[in-house]
Enquirer: 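Below is a structure I'd like to ask you about.
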Amino acid sequence: HAARVVVPSDSTAGDLAEFAPTHAHKIRRIPEGVDARFAALAPAVPQLVTRFTGHMPFMLSVGNRKRHKNLGMGVAVLARVPELTWVIAGERFPGWDAVMSEARRAGVADRLLVLDTPTDEVLHALYAAAALLLFPSRYEGFGLPVAEAMACGTPVVCSNTGSLPEVAGSCAALCDPDDIEAFVSAVRSVLLSGGRQGAACVERARAMTWDSSAQRLAEVLEEAA
């Protein structure tokens, strides 16, 4: 019965149109936005994190720890890249125990730190200090952590599924979510290069503003009215 249906990406629009083709004409795409704070100087990383990582670089994963986030891939990466630690920021969901069990079996659980509910300030600090964002999700409607990491200049290694290629463009290493070797190779490449996102990639992310999202939503509401 909706007059319009708002989605955050062309990928999601396509999925929805395929699911309900008779309602495809109602769909409007409004991308999510990156908070302006990510353009500012990042605060200091909490001591909890610096004590954990020591002098080792860390990869960061952000988001709820649901099964489709495919976080077992992070365990596989840790097991193959011994000079790396892993910080996960996100709410716990059923299925996470299986990932931790896998980490213990692989002998990497001591190189994994979980922060359940970090503040926005802490999240900003983590994005800015991480060697890379690891985002191996099997499906995303948008993938805001990818855009937020890019806005902080942090390299991104993510899946090539759902909306993630649309959000990242050429600014991320895109891997099949089942290809362990591709993820390991991409992570090693980032660590070896010691690089950060180029200016064009940072600007791409920072151009995704909530102001522009709000303006587009107002236009859709007027159209529907």
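All values derive from a computational prediction rather than experimental measurement.
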Enquirer: Taking Ser213 for its side chain and Thr209 for its backbone only, find out whether a donor-acceptor pair lies under 3.5 Å.
Expert: yes

Enquirer: Group every Ile, Leu, Val, Met, Phe, Trp and Tyr by side-chain heavy-atom contacts under 4.5 Å, then state whether Leu115 and Phe135 land in the same group.
Expert: yes

Enquirer: Please identify each residue that fulfils side-chain contact (heavy atoms from CB on, under 4.5 Å) with Val190, with sequence neighbours left out.
Expert: Leu132, Pro155, Val157

Enquirer: Any salt bridge (charged side-chain N to carboxylate O under 4.0 Å, His left out) involving residues 54-66? Give me the pairs, sequence neighbours left out, ordered by first then second residue.
Expert: Arg65-Asp116

Enquirer: Provide the closest heavy-atom pair for Ala103 versus Val75 in the form atom of the first, atom of the second, distance.
Expert: CA-CG1, 3.8 Å

Enquirer: Are side-chain heavy atoms of Val108 and Trp86 found at a separation under 4.5 Å?
Expert: no

Enquirer: According to a hydrophobic-cluster definition based on side-chain heavy atoms being under 4.5 Å apart (Ile, Leu, Val, Met, Phe, Trp, Tyr only), do Met73 and Val62 belong together?
Expert: no

Enquirer: Kindly say whether Val122 contributes a backbone atom to a donor-acceptor pair with the side chain of Thr119 at under 3.5 angstrom?
Expert: yes

Enquirer: Under the side-chain contact (heavy atoms from CB on, under 4.5 Å) test, which residues partner Ser185, sequence neighbours left out?
Expert: none

Enquirer: Listing request: all disulfide (SG to SG under 2.5 Å) pairs with a residue in residues 192-225, at least two apart in sequence or in separate chains.
Expert: Cys171-Cys201

Enquirer: Can you check side chain to side chain contact (heavy atoms under 4.5 Å, CB included) on Phe183 and Val81, steps first, answer last?
Expert: CA-CA 11 Å; Phe183 271 95; Val81 188; over 6 Å; no

Enquirer: In terms of side-chain geometry, is the basic nitrogen of Arg105 or Glu102 positioned less than 4.0 Å from the acidic oxygen of its partner?
Expert: no

Enquirer: According to the salt bridge (charged side-chain N to carboxylate O under 4.0 Å, His left out) rule, which pairs have a member within residues 75-90, sequence neighbours left out?
Expert: Arg80-Glu181

Enquirer: If you measure from the Lys or Arg side-chain nitrogens to the Asp or Glu carboxylate oxygens, is any gap between Asp97 and Arg92 under 4.0 Å?
Expert: yes

Enquirer: Should Leu84 and Ile180 be counted in the same cluster of Ile, Leu, Val, Met, Phe, Trp and Tyr side chains packed under 4.5 Å apart?
Expert: yes

Enquirer: Are Pro8 and Ile30 close enough that some pair of their side-chain heavy atoms sits under 4.5 Å apart?
Expert: no

Enquirer: Rounded to the nearest 0.5 Å, what separation is found between the OG1 atom of Thr53 and the CG atom of Leu113?
Expert: 8.5 Å

Enquirer: According to side chain to side chain donor-acceptor pair (under 3.5 Å), does anything in residues 187-208 pair up with another residue at least two apart or in another chain? List the pairs.
Expert: Thr154-Arg196

Enquirer: Do you know the tightest heavy-atom contact between Gly90 and Pro118?
Expert: N-CD, 4.5 Å

Enquirer: Counting neighbours of CD on Glu18 that are heavy atoms of other residues, nucleotides or ligands and sit closer than 6.0 Å, is the number greater than 12?
Expert: no

Enquirer: Do any pairs count as a ring-ring contact (aromatic ring centres under 6.0 Å, His included) and have a residue in residues 8-35, sequence neighbours left out, and if so which ones?
Expert: none

Enquirer: Could you see if Val114 belongs to whatever hydrophobic cluster contains Leu78? Use Ile, Leu, Val, Met, Phe, Trp, Tyr and a side-chain cutoff under 4.5 Å.
Expert: yes

Enquirer: Working to the nearest 0.5 angstrom, can you tell me the gap between Leu71 CG and Phe93 CZ?
Expert: 12.0 Å

Enquirer: If every non-hydrogen atom of Ala42 is compared with every non-hydrogen atom of Ala128, which pair is closest and at what distance?
Expert: CB-CB, 3.4 Å

Enquirer: Does anything in residues 48-82 form a ring-ring contact (aromatic ring centres under 6.0 Å, His included)? List the pairs, not counting sequence neighbours.
Expert: none

Enquirer: Run the numbers on Asp178 and Arg138 for side chain to side chain contact (heavy atoms under 4.5 Å, CB included), then give the verdict.
Expert: CA-CA 9 Å; Asp178 291 311; Arg138 295 185 180 282; 2.8 Å; yes

Enquirer: Under the salt bridge (charged side-chain N to carboxylate O under 4.0 Å, His left out) rule, collect the residues that match up with Glu121, sequence neighbours excluded.
Expert: none

Enquirer: Using every non-hydrogen atom in the two residues, find where Ala224 and Ala3 come nearest and quote the distance to one decimal.
Expert: CB-CB, 4.1 Å

Enquirer: Apply salt bridge (Lys or Arg N to Asp or Glu O under 4.0 Å) to residues Glu219 and Arg28 and explain how you reach the verdict.
Expert: CA-CA 10 Å; Glu219 294 168 359; Arg28 300 294 182 271; over 6 Å; no

Enquirer: Tell me whether Asn70 contacts the main-chain N or O of Pro177 through its side chain, where contact means a donor paired with an acceptor under 3.5 Å.
Expert: yes

Enquirer: Quick check for you: to the nearest 0.5 Å, what is the distance between Thr85 atom OG1 and Arg111 atom CZ?
Expert: 8.0 Å

Enquirer: What's the verdict on side chain to side chain contact (heavy atoms under 4.5 Å, CB included) for Leu60 and Leu134, showing C-alpha distance, side-chain angles and the deciding distance?
Expert: CA-CA 6 Å; Leu60 174 68; Leu134 181 76; over 6 Å; no

Enquirer: My understanding is that only residues two or more places apart in sequence, or in another chain, count here; which of them pass salt bridge (charged side-chain N to carboxylate O under 4.0 Å, His left out) with Asp211?
Expert: none

Enquirer: Check Val45 against Ala125 and note the closest heavy-atom contact, atom names and distance.
Expert: CG2-O, 3.8 Å

Enquirer: Got a second to check how far Thr117's OG1 is from Leu123's CG, nearest 0.5 Å?
Expert: 11.5 Å

Enquirer: Quick one: pull up CD1 in Ile88 and CE in Met59 and give me the separation to the nearest 0.5 Å.
Expert: 8.0 Å

Enquirer: Has Arg67 got more than 12 heavy atoms of other residues, nucleotides or ligands less than 6.0 Å from its CZ?
Expert: no

Enquirer: When hydrophobic residues are tied together by side-chain contacts of less than 4.5 Å, even through go-betweens, does Leu48 share a cluster with Met56?
Expert: no

Enquirer: Less than 3.5 Å apart, which donor and acceptor atoms pair up between the side chains of residues 32-40 and the rest of the protein, not counting sequence neighbours?
Expert:
| unit_1 | atom_1 | unit_2 | atom_2 | d |
| --- | --- | --- | --- | --- |
| Asp35 | OD1 | Arg37 | N | 2.9 |
| Asp35 | OD2 | Arg37 | NH1 | 3.4 |

Enquirer: To the nearest 0.5 Å, how far apart are OG in Ser61 and CG in Leu112?
Expert: 9.0 Å

Enquirer: Which pairs would a plain distance check flag for residues 140-153, meaning a side-chain donor or acceptor within less than 3.5 Å of a matching protein atom at least two apart in sequence or in another chain?
Expert:
| unit_1 | atom_1 | unit_2 | atom_2 | d |
| --- | --- | --- | --- | --- |
| Glu140 | OE1 | Lys69 | NZ | 3.4 |
| Glu140 | OE2 | Lys69 | NZ | 2.6 |
| Glu140 | OE2 | Ser137 | OG | 2.7 |
| Glu148 | OE1 | Tyr127 | OH | 2.7 |

